[in-house]
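Below you'll find the structure, written out as structure tokens, and then a few comments.
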Amino acid sequence: MKTMLKKAQRKVVTRICSAYRAISTVAALVISGTPPIRLQIKERARTYGKDEDTKRQEKEETIRKWQREWEDTVEVGQWTKRLIPNVATWTNRKHGNVDYYLTQMLSGHGCFAAHLHKFALIESDICWYCQERDDATHTFLHCIRWTRERTIVETAIGETLSTENITNTMIDSKEGWDDTT
Ligand SMILES: [Zn+2]
């Protein structure tokens with residue numbers, strides 16, 4: 001009976017989580033490492049028929065513009081910006097795939113009780129694993145459910161995880177990425 005209930009509950013939770021995918025476009029682009037299409041089109045116009053050197057310089061210029069736009073973004077994506085302040089460092093990393101779960105973490109939009117609660121999808125914003133209010137910060141930095149995983153990463157990098165060092169840890173090395181995700 002207990003197992004059946006658990007199974008049913010898991011089904012509901014899974015459905016809610018995959019149904020909910022609202023991420024602001026600006027944040028989604030940064031997370032996936034894709035410059036806004038508007039900037040890409042302008043770059044193409046500037047580089048049409050030009051040599052490779054020019055193309056590379058203009059590509060860097062696109063990233064600089066993108067970075068300025070990202071810094072000027074104030075209405076949305078603040079959590080993502082704390083985690084990924086620099087689009088170039090993030091986009092030019094040599095390793096690491098961003099899957100569905102990592103996207104949730106990086107966007108702060110996902111299967112967090114506080115978030116689902118805000119949109120009236122569930123009755124309480126309390127974490128399923130402990131009794132704290134659940135959001136991306138809670139899940140990633142505080143929830144007891146993930147203490148083991150967190151300790152592995154902290155031991156590896158020799159410091160306490162924070163929103164400031166988490167993506168650097170992932171970018172710096174492949175091991176760091178695999179430990180974190
Ligand atoms: Zn928790």
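Whatever order the structure lists ligands and atoms in, that order sets their numbers, starting from 1. Because the structure is a prediction, the values reported are computed rather than measured.
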Margin query: Check this for me: does any side-chain nitrogen of one of R38 and E69 sit under 4.0 Å from a carboxylate oxygen of the other?
Written below: yes
Notebook entry, point to check: Is R46 salt-bridged to E43, going by a charged N under 4.0 Å from an acidic O?
Noted result: no
Next item on the list: Would you kindly check if the NZ (Lys) or CZ (Arg) of R68 is within the cone defined by 45 degrees around the ring axis of W70 and under 6.0 Å from the six-membered ring centre?
Entry: no
Checklist line | Which residues share a side chain to side chain contact (heavy atoms under 4.5 Å, CB included) with H142, sequence neighbours left out | finding: T137, H138
Next item on the list: Take atom NZ of K55 as the centre, draw a 6.0 Å sphere, and report whether it contains more than 12 heavy atoms from other residues, nucleotides or ligands.
Entry: yes
Checklist line | Sole candidate of V87, L39, N86 that passes side-chain contact (heavy atoms from CB on, under 4.5 Å) when paired with I63 | finding: V87
Item checked: Shell of protein N/O/S atoms around the Zn ion (ligand 1), taken as anything under 2.8 Å -> C127 SG, C130 SG, H138 NE2, C143 SG
